[in-house]
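A short write-up of the structure that comes next.
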Amino acid sequence: MAYKSGQYYYCSMKVVAYSVKPFERESLAKANQKKHDITLIFNSLSLETAVFAAGKTAVIVFSTDDVSAVVIDRLAALGVKYITTRSAGCAHIDKTAAARNGVKLANAPQRQDVAGQTIENLDRWEMNKCAGKACVCGAGCKLKIISKS
């Protein structure tokens, strides 16, 4: 259970994080505070490793991962609805394919605490909210936009 703006809410998003470096494990776990069920793997995302996202609602990627149209198509077919990248840039993500599949996108724009931003993106999506300034959806986000507090 998490606390936000005077109310408690449950976060239970099932997530797989690709290309996790050893130094990122602790910061992601600390930022997550056991809110989401996150599987951390060292493998990079590719068409072959997309299978690890089966049964997951979201994936966390890095700038070196393959987030091309064919991979996004596979992720969407596996049930993935959200992709957040642990980077400020998002040129490695095919936004058109994400929009076509209804997959929401977010990044970690100019933030020192990338792990914190990554978990915040998941928190917002869990509450059916837009990721705010981190939103990089290709076709525009239809989720409710809330200000950062």
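Numbers for residues simply follow the sequence, beginning at 1.
For Ala76, the side chain to side chain contact (heavy atoms under 4.5 Å, CB included) test picks out Asn101, Val103, with sequence neighbours left out. Considering only residues two or more places apart in sequence or on other chains, Thr49 meets the side chain to side chain contact (heavy atoms under 4.5 Å, CB included) condition with Tyr18, Asn43, Leu45, Ser46, Phe52. In terms of the salt bridge (Lys or Arg N to Asp or Glu O under 4.0 Å) criterion, Asp66 has no residue partners (sequence neighbours excluded). Partners of Asn107 under the side chain to side chain donor-acceptor pair (under 3.5 Å) rule, at least two apart in sequence or in another chain, do not exist in this structure. Under the side chain to side chain donor-acceptor pair (under 3.5 Å) criterion, Arg25 pairs with no residue, sequence neighbours left out. By the side chain to side chain donor-acceptor pair (under 3.5 Å) test, Thr84 is found to be paired with Asn121, residues two or more places apart in sequence or in another chain being considered. For Lys14, the side chain to side chain contact (heavy atoms under 4.5 Å, CB included) partners two or more places apart in sequence, or in a different chain, are Asp37, Lys56. Applying the side chain to side chain donor-acceptor pair (under 3.5 Å) criterion to Ser27, with sequence neighbours excluded, gives no partner residue. In this structure, the side chain to side chain contact (heavy atoms under 4.5 Å, CB included) partners of Leu47, at least two apart in sequence or on a different chain, are Val70, Val71, Arg74.
At least one donor-acceptor pair closer than 3.5 Å links the side chain of Arg86 to the backbone N or O of Ser19.
Between Ser12 and His36, the shortest heavy-atom distance links the atoms N-ND1, 4.2 Å. Contact record, Asp94 with Ser68: CB-C, 4.0 Å, taken as the closest heavy-atom pair. Contact record, Ala17 with Leu40: CB-CD2, 3.7 Å, taken as the closest heavy-atom pair. In this structure, Ser87 and His92 approach most closely via the heavy-atom pair OG-CE1, 3.5 Å. Annotation for Val114 and Ala108: closest pair CG1-CB, 4.0 Å, computed over non-hydrogen atoms. What you find for Ala53 and Val59 is that their closest heavy atoms are CB-CG1, 3.8 Å.
Atom CZ of Arg124 sits about 13.5 Å away from atom OH of Tyr82, to the nearest 0.5 Å. Note: Trp125 CH2 to Lys104 NZ = 10.0 Å, rounded to the nearest 0.5 Å.
Both Ile41 and Ile83 sit in one connected hydrophobic cluster of ILVMFWY residues. Membership requires side-chain heavy atoms under 4.5 Å apart, directly or through other members. Residues Val20 and Phe62 fall into different hydrophobic clusters, defined by Ile, Leu, Val, Met, Phe, Trp and Tyr side chains chained together at heavy-atom separations under 4.5 Å. Leu78 and Ile72 fall into different hydrophobic clusters, where Ile, Leu, Val, Met, Phe, Trp and Tyr residues are linked whenever their side-chain heavy atoms come under 4.5 Å apart, directly or through other members.
Considering only heavy atoms from C-beta on, Pro109 comes within 4.5 Å of Gln117 through its side chain. Side-chain contact between Thr85 and Val67 is absent, with no heavy atoms from C-beta onward closer than 4.5 Å.
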Step-by-step salt bridge (charged side-chain N to carboxylate O under 4.0 Å, His left out) determination, Lys129 to Asp123:
CA-CA 9 Å; Lys129 308 283 189 218; Asp123 291 347; over 6 Å; no
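Within a 6.0 Å radius of NZ in Lys30, no more than 12 heavy atoms belonging to other residues, nucleotides or ligands are found.
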